[in-house]
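Presented below is the structure to which this report refers.
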Amino acid sequence: MGSQRNGSSPPDPAAGGRWRQHFHVQFVRKINWVALIRYCKNWAKHPMHMALLVWLFFVAAGIVMLFLLMTGLLNGAIPSSAVRKRWTEITNQILNALFTIMCLYEHPKLFHHLVLLCRWRSSDTAELRQVYCKTGAHRPYERAHMMLVVVLLHITCLCQYAMCALYWVYTRKTRPDWAVNLLMGLGVVAPVIAGLYVVYSPLGRKYESVTDEESQHEVAIATKPEASELKQYSKRVVVTSPEWVGGLFDWRDDLTAAYLSFFCTFCVFGWNMERLGFGNMYVHIVTFMLLCIAPFWVFYVSALNIEDDVIRYMARITGIVLCFLGLLYGGFWRTRMRKRFKLPGNPSCCGHPNVTDFMQWLFCWSCSLAQEVRTANFYDVEEDSFYRREMEEESRPALQPLPREGGLGPLVAPSYPILTKSSPAKDENCESNSNGIAADCSSGDDSAITTDTEVSTSHNDYTTKPPLPAVIQLEDNQLNRR
């Protein structure tokens, strides 16, 4: 009433509705929180993601500690300025080591992607699309877009290496602040730009899977009748329930694989992973070496610049433990190999085959690798499956039709003579034998000595049936007449 006396108009319900509609956050309603939580749980169960979460935890703790020290929130707990500066340097050295290790782990893949972009073959294009494109479909100027992202990520790694050198070479008092700030700015801005570019550039847009020239070429090769016939005519079958070749400690079954797995672990592991279809051999070799070697010397050198004795020893021990845990990389790919090729799992460790795979690699890496190599040697690998030969040379069928012949395969001459009406062998036998046998040969019942190769047209048996009864009957008649 007071508002009406003052001359102000009453609130318009329609205007209020428009106001609420204007400030309504629509995307909140569209989020399926149950599905999102389920996705996060499944994501966190991945071993690589677990390691990433542990790394993020220590990075976050270091950043929080550094923030408290630089803002003066810990002045009451640490009244001495010299002690605060010392802890600031300790925190910086630890964060520098953590970021350096992460860049070292990721850089081999980035180098591999740079090589693929420079080479740019059809197979390289498909692999890069799976990494940097949203749907894996062809995009205009996709090579240039991917190259920009890869270059930005390389800049990030190089900036971190340069900053690591500054922290290792210079002390806290002699280290140039402008260089640290410049490298830190580039190292933060470059990956942010790369991530935003992947999302909002044509790489992150939805493109329908339009077949370009490369896709058409691949489809043409795959649909060639000769290729399909050769695949069906091959003497291999898919092994649906494969087994590990030998036990974990049966390294004596293949001494060459055992010795190479022990003395050349990184090289044999990378070679075995590439032939199983798990990526590039050199990427696996370098990554595995860095996982087992880099933590020790990164944390050891960082410990040299830490003035606190306890923290120095803890940094060195951390580096040694991380090198030992680098063997879990082999356990991760052993799990991938077991799941892809449907190999039996061993639930002896906590009832989980995945945990058993990691423990086997952690405490007996050479035996695990030798078993994987023996298994890959025993089977033929193609298209994420294990193959083996259908049967031995002696027991395989002599004749097998091609699909284009409608079940009638090419006839192969058997080892025994086939006698027909116009067979020269028949005439020679009739002339060389006695009169009685010759009369029998010229008798009207030609079915007793005339045998044609019978080909089974059923769907289950494509092999030809040899005329054994007729030949046996002929030989019996000859023996009785003698």
Side-chain angles (χ1 to χ4, degrees), residues 48 51-67 69-70 88-118 128 131-132 143-201 203-204 282-283 286-287 289-291 293-306 315 318-319 322:
M48 290 293 185
L52 180 62
L53 289 176
V54 173
W55 180 84
L56 288 174
F57 172 77
F58 285 103
V59 169
I63 292 176
V64 170
M65 181 68 178
L66 190 62
F67 175 79
L69 289 170
M70 296 180 67
T88 301
E89 180 65 17
I90 291 172
T91 307
N92 283 328
Q93 291 289 345
I94 293 175
L95 288 174
N96 172 65
L98 290 173
F99 282 108
T100 303
I101 286 178
M102 181 56 66
C103 290
L104 287 173
Y105 292 166
E106 295 296 325
H107 217 170
K109 289 188 287 189
L110 295 177
F111 268 116
H112 178 59
H113 294 164
L114 184 62
V115 171
L116 297 183
L117 284 169
C118 296
L128 290 169
V131 177
Y132 296 101
R143 186 180 185 183
H145 295 306
M146 295 179 191
M147 182 66 76
L148 177 60
V149 174
V150 172
V151 168
L152 288 174
L153 296 177
H154 273 280
I155 291 174
T156 304
C157 294
L158 294 177
C159 289
Q160 178 57 41
Y161 300 154
M163 187 181 298
C164 182
L166 290 177
Y167 273 93
W168 286 356
V169 173
Y170 296 95
T171 62
R172 176 172 54 86
K173 297 180 180 180
T174 60
R175 188 180 303 129
D177 294 335
W178 66 269
V180 174
N181 295 332
L182 177 63
L183 293 173
M184 185 179 298
L186 287 176
V188 172
V189 171
V192 171
I193 295 176
L196 294 175
Y197 193 83
V198 168
V199 174
Y200 294 104
S201 70
L203 298 176
Y282 301 104
V283 174
V286 177
T287 303
M289 289 179 63
L290 291 174
L291 283 167
I293 298 174
F296 173 74
W297 61 266
V298 169
F299 278 92
Y300 188 86
V301 177
S302 298
L304 296 177
N305 297 278
I306 295 176
T318 302
L322 288 178

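Just so it is clear, the values below take in all heavy atoms, side chains as well, and ignore hydrogens, waters and symmetry mates.
Residues Ala294 and Leu104 come closest through the heavy atom pair CB-CD1, 3.9 Å. Closest approach of Cys118 and Arg143 over heavy atoms only: O-NH2, 3.2 Å. Here the closest heavy-atom approach between residue Gln93 and residue Tyr167 is recorded as NE2-O, 3.1 Å. The minimum heavy-atom distance linking Ala315 with Phe299 is given by the pair O-CB, 3.3 Å. Across Met163 and Val180, no two heavy atoms sit closer than the pair CE-O, 3.8 Å. Across all their heavy atoms, Val150 and Leu110 have their closest contact at CG1-O, 4.1 Å.
One distance of note links CG of Leu152 with CE of Met147; it measures 12.0 Å at 0.5 Å rounding. Here Leu148 contributes atom CG and Ile193 contributes atom CD1; the two are 9.0 Å apart, rounded to the nearest 0.5 Å. For the atom pair CD1 (Ile101) and CG (Leu291), the distance works out to 9.5 Å, reported to the nearest 0.5 Å. Between the OG1 atom of Thr88 and the CG atom of Leu69 there is a distance of 4.0 Å, given to the nearest 0.5 Å. Note that the SG atom of Cys159 and the CZ atom of Phe99 stand 13.0 Å from one another [nearest 0.5 Å]. Here OG1 of Thr156 is found 9.0 Å from CG of Leu186. Values are rounded to the nearest 0.5 Å.
Ring geometry for Trp168 versus Trp297: interplanar angle over 60°, hence perpendicular rather than tilted (30 to 60°). Relative orientation of the Tyr161 and His107 rings is tilted, given thresholds of 30° and 60° on the angle between their planes.
No option in Ile94, Thr100, Asn92 other than Thr100 meets the side chain to side chain contact (heavy atoms under 4.5 Å, CB included) test with Asn96.
Residue pairs satisfying the salt bridge (Lys or Arg N to Asp or Glu O under 4.0 Å) criterion with at least one member in residues 191-200, sequence neighbours excluded, are absent. Applying the salt bridge (Lys or Arg N to Asp or Glu O under 4.0 Å) definition to pairs two or more places apart or across chains, those involving residues 105-118 are Glu106-Lys109.
Annotation: side chain of Thr171 is not in contact with side chain of Glu89 (no heavy-atom distance under 4.5 Å). Taking the side chain as every heavy atom from C-beta outward, His145 and Val149 never approach each other to under 4.5 Å. At least one side-chain heavy atom of His113 sits less than 4.5 Å from a side-chain heavy atom of Tyr132.
For the ring pair (Phe, Tyr, Trp, His ring centres under 6.0 Å) test, residues two or more places apart in sequence or in another chain that qualify with Tyr300 are Phe296.
No donor-acceptor distance shorter than 3.5 angstrom exists from the side chain of Thr174 to the backbone of Tyr170, with no hydrogens or angles considered.
No more than 12 heavy atoms of other residues, nucleotides or ligands shown are found within 6.0 angstrom of OH on Tyr282.
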